[in-house]
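Hydrogens, waters and symmetry mates play no part in the numbers below; they use all other heavy atoms, side chains included. Numbers here simply count residues along the sequence, with the first being 1.
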Amino acid sequence: IVALEYFSDRMQPGLTFDMHAALLLAAEGASARDVAADYTNIALMSAFLLAYVGLESDRPALVKQGTEKAQDVYDLFQQHKTFTEYNSPTYYGVDLLGLALWRELGPTDLFRRCGAELEADLWHDIGEFYHPSLKNMAGPYCRAYGMDMTKYTALTGLLIGQTLESQKDAPLPPGVAQDRPFEWAYGPIYSILKPKVPAEAMRRLRKFDGPRRLQRIVRFRGRELLVAALLTENWMMGAVSGLERRWEQHYPATMHWRAGEDGPIGWLRVHGESGASGEVEGDRLTLSLPNPDAEFPLRIQIDAPGITPEMFAGDVWELPGMRLRVAATLGAPTIEKANDRHVGHILELRWAVPAKLPDDTAVLTLAVAREQADDANL
């Protein structure tokens with residue numbers, strides 16, 4: 001659609017005819033699939049596709065379906081000012097592409113008006129969760145791949161990079177990323193549609209403006225999830241309670257910290273297959289298992305320069321750049337070196353889950369050491 005709108009005068013007539021025919025087939029496929037409004041990135045894109053192609057091809061039913069889907073997405077967002085696929089460094093980039101299409105090429109006033117409004121609201125939320133010194137968004141991630149945007153290509157990082165004056169400040173890998181390098185293909189279309197970032201969000205993307213605690217409610221499969229995050233000068237943590245879905249793309253609790261003076265980032269994430277639920281209280285991250293299952297151990301993956309298994313002995317973890325006080329109901333973990341297909345070589349800690357563990361038992365608490373917790377004074 002963007003190619004036809006901006007460059008059709010450079011194409012042969014036969015090519016444009018074939019492109020319109022292909023778009024109609026794509027719209028008919030999207031109509032048959034008919035994803036719900038809570039499948040955020042696809043719902044945003046298909047709503048636009050349906051209405052745009054429906055208007056171009058004189059298919060009122062497609063226009064109607066796309067417009068209703070757009071309204072459903074808008075109404076769902078307005079409940080708590082959050083999308084269901086919440087806080088995703090990759091899929092927020094697809095959302096922002098969809099909303100830019102609504103804003104610039106929307107076939108009706110509803111698309112253009114709602115696209116501009118939702119795009120601004122989403123950038124405001126990204127600005128609050130983004131830490132420009134750590135070059136990452138605080139978790140939790142309701143859908144994600146990597147953990148450090150300076151190591152893999154995240155679409156939100158690509159967009160932030162396009163808005164900043166200095167590319168050295170961009171949350172992007174310095175060369176070819178180890179994971180998802182193909183996402184660079186979004187660069188040209190982002191450049192054509194041009195992200196519109198509100199001034200307040202732009203300020204937060206440029207410079208960290210002080211410690212803050214954040215809370216959000218996310219509507220997910222008929223339930224309301226509670227998201228909490230804490231950002232300080234040198235570290236940040238986040239968690240979501242109530243997710244209760246075992247999936248490798250869910251990271252219900254995360255931490256990021258500066259692992260050395262002007263050095264790389266250390267991070268920690270709770271693997272989504274464990275079904276864990278997390279809470280951030282003060283300087284502590286507490287994990288529970290709402291539906292414990294002995295087949296799914298509690299898994300935590302950690303990466304920091306120079307990290308070794310010996311750093312996890314006892315009830316204090318002495319990690320590069322971070323000291324954590326630990327209370328583990330499930331005892332000592334097994335520690336293994338792992339090679340994750342998205343983040344590479346890491347350490348993974350596993351706790352076996354007893355067959356009769358009571359629901360919602362607090363199984364692990366990680367408290368930031370006092371000298372670092374002082375950063376969190378608000």
Arg112 (side chain) donor-acceptor with Gly106 (main chain) under 3.5 angstrom: yes
Determine whether a donor-acceptor pair (N or O, by modelled atom type, separation under 3.5 Å) exists between the side chain of Thr329 and the backbone of Ala362. yes
With a 4.5 Å limit on heavy-atom distance, are the side chains of Thr153 and Asp179 in contact? no
Going by atom types only, do Gln162 and Ser191 share a side-chain donor-acceptor pair under 3.5 Å? yes
Which of Leu226, Asn87, Asp125 passes side-chain contact (heavy atoms from CB on, under 4.5 Å) with Arg216? Answer is Asp125
Near-ring test Tyr152/His342, centroid separation under 6.0 angstrom: no
Does Arg143 make a cation-pi contact with Tyr91, if we ask for NZ or CZ under 6.0 Å from the ring centre and within 45° of the axis? yes
Is any side-chain heavy atom of Thr232 less than 4.5 Å from a side-chain heavy atom of Asp283? no
Is any side-chain heavy atom of Leu287 less than 4.5 Å from a side-chain heavy atom of Val270? yes
Look only at the side chain of Trp102 and the backbone of Ala47, and say whether a donor-acceptor pair between them is shorter than 3.5 Å. no
I want to check a possible cation-pi pair here: Arg246 against Phe296, using under 6.0 Å from ring centre and within 45° of the ring axis as the test. yes
Testing the basics here: between Arg212 and Tyr130, what is the closest heavy-atom pair and its distance to 0.1 Å? NH2-O, 3.3 Å
Salt bridge or not between Lys196 and Glu119? Use side-chain N to carboxylate O under 4.0 Å. no
Give, for atom CG of Leu330 and atom OG1 of Thr361, the distance between the pair rounded to the nearest 0.5 Å. 8.5 Å
Scan residues 25-51 for pairs that pass side chain to side chain donor-acceptor pair (under 3.5 Å), counting only residues two or more places apart or in two chains. Glu28-Arg59, Ser31-Gln65, Asp34-Gln65, Asp34-Lys69, Asn41-Glu85
With salt bridge (Lys or Arg N to Asp or Glu O under 4.0 Å) as the criterion, how do Asp169 and Arg206 come out once you've worked through the C-alpha distance, each side chain's angles and the decisive distance to 0.1 Å? CA-CA 8 Å; Asp169 296 328; Arg206 289 194 182 106; over 6 Å; no
We want to know whether Gln71 and Asp75 form a side-chain donor-acceptor pair, criterion being a heavy-atom distance below 3.5 angstrom. yes
Identify the two heavy atoms, one from Pro174 and one from Thr150, that lie closest to each other, and give their separation to 0.1 Å. CD-O, 3.7 Å
Take Val368 and Trp257 through the side chain to side chain contact (heavy atoms under 4.5 Å, CB included) test and state the conclusion after the steps. CA-CA 11 Å; Val368 177; Trp257 64 90; over 6 Å; no
Using 30° and 60° as the class limits, which term best fits the ring planes of Tyr186 and Tyr190: parallel, tilted or perpendicular? tilted
Sub-4.5 Å side-chain heavy-atom contact between Leu268 and Ile300: yes
Name all pairs fulfilling the ring pair (Phe, Tyr, Trp, His ring centres under 6.0 Å) condition that reach into residues 298-328, sequence neighbours left out, sorted by first residue then second. Phe312-Trp317
Quick check: do Met255 and Leu285 have side-chain heavy atoms less than 4.5 Å from each other? yes
What about Leu158 and Ile160, same hydrophobic cluster or not, with Ile/Leu/Val/Met/Phe/Trp/Tyr joined at side-chain heavy-atom distances under 4.5 Å? yes
CG of Leu324 to OG1 of Thr365, rounded to nearest 0.5 Å, is 11.5 Å
Spacing of Ile42 atom CD1 and Asp95 atom CG [to the nearest 0.5 Å]: 10.5 Å
Check this for me, if you would: do Glu248 and Arg341 make a salt bridge, where the nitrogen-to-carboxylate-oxygen distance has to be below 4.0 angstrom? yes
Using the rule given for side chain to side chain contact (heavy atoms under 4.5 Å, CB included), can you reason through Ile307 versus Leu319, listing the C-alpha separation, both sets of side-chain angles and the distance that settles it, and then say yes or no? CA-CA 7 Å; Ile307 199 166; Leu319 310 180; 4.3 Å; yes
To the nearest 0.5 Å, what is the distance between CD1 on Ile302 and CD1 on Ile346? 9.0 Å
For residues Met236 and Leu230, determine if any side-chain heavy atom of one lies less than 4.5 Å from a side-chain heavy atom of the other. no
With distance as the sole test, does Thr254 use its side chain to make a donor-acceptor pair with the main-chain N or O of Gly139 at under 3.5 Å? yes
Between Leu231 and Ala138 the two heavy atoms that sit nearest each other are CD1-CB, 3.9 Å
To the nearest 0.5 Å, what is the distance between OG on Ser8 and CD1 on Ile1? 13.0 Å
Let's go through Val316 and Arg323 carefully: what are the C-alpha distance in whole Å and the side-chain angles of both, what is the deciding distance for side chain to side chain contact (heavy atoms under 4.5 Å, CB included) to 0.1 Å, and is it a yes or a no? CA-CA 7 Å; Val316 176; Arg323 188 169 185 260; 3.8 Å; yes
Is any side-chain heavy atom of Val240 less than 4.5 Å from a side-chain heavy atom of Tyr86? no
So His271 and Tyr251, would you call those rings parallel, tilted or perpendicular, with 30° and 60° as cut-offs? perpendicular
Does Trp351 reach the main-chain N or O of Thr334 with its side chain, forming a donor-acceptor pair under 3.5 Å? no
Lys/Arg-Asp/Glu bridge criterion (N-O < 4.0 Å) met for Arg299, Glu348: yes
Can you check salt bridge (Lys or Arg N to Asp or Glu O under 4.0 Å) on Arg325 and Asp315, steps first, answer last? CA-CA 6 Å; Arg325 292 176 284 110; Asp315 57 3; over 6 Å; no
On the six-membered ring of Phe111, is Arg103 placed so that its NZ or CZ lies under 6.0 angstrom from the centre and within 45° of the ring axis? no
Look at the side-chain heavy atoms of Ile, Leu, Val, Met, Phe, Trp and Tyr, link any pair under 4.5 Å apart, and say whether Tyr6 and Leu55 land in one connected group. no
Side-chain H-bond candidate by donor/acceptor type, Tyr74 with Glu117, under 3.5 Å: yes
In terms of side-chain geometry, is the basic nitrogen of Asp148 or Arg269 positioned less than 4.0 Å from the acidic oxygen of its partner? no
Output yes when a side-chain donor or acceptor of Thr84 lies under 3.5 Å from a complementary backbone atom of Arg219, and no otherwise. yes
For the pair His131 and Phe208, evaluate ring pair (Phe, Tyr, Trp, His ring centres under 6.0 Å) and give the outcome as yes or no after the intermediate values. CA-CA 6 Å; His131 196 307; Phe208 185 67; 4.1 Å; yes
Strictly distance-based, threshold 3.5 Å: is any side-chain N or O of Thr67 a donor or acceptor partner for the main-chain N or O of Lys64? no
Rounded distance [0.5 Å steps], CE in Met311 versus CD1 in Ile335: 11.0 Å
Looking only at non-hydrogen atoms, find the nearest pair between Ala170 and Gly161 and report the distance. CB-CA, 3.6 Å
Kindly work out whether a path of hydrophobic side-chain contacts (I/L/V/M/F/W/Y, heavy atoms less than 4.5 Å apart) joins Ile189 to Tyr92. yes
So, does His256 use its side chain to make a donor-acceptor pair with the main chain of Met147 at under 3.5 Å? yes
Do Arg180 and Tyr145 touch side chain to side chain, with heavy atoms closer than 4.5 Å? yes
Out of curiosity, does Leu96 fall in the hydrophobic cluster containing Leu76 (side-chain heavy atoms, cut-off under 4.5 Å, transitive links)? no
same_hphob_cluster(Leu4, Phe17) at 4.5 Å side-chain heavy-atom cutoff: no
Is a side-chain donor or acceptor of Thr156 paired with a backbone partner of Pro89 at a separation under 3.5 angstrom? yes
Gly282 backbone acceptor or donor facing Arg213 side chain under 3.5 Å: yes
Restricting to non-hydrogen atoms, name the atom on Pro252 and the atom on His250 that form the minimum distance, rounded to 0.1 Å. CD-O, 3.6 Å
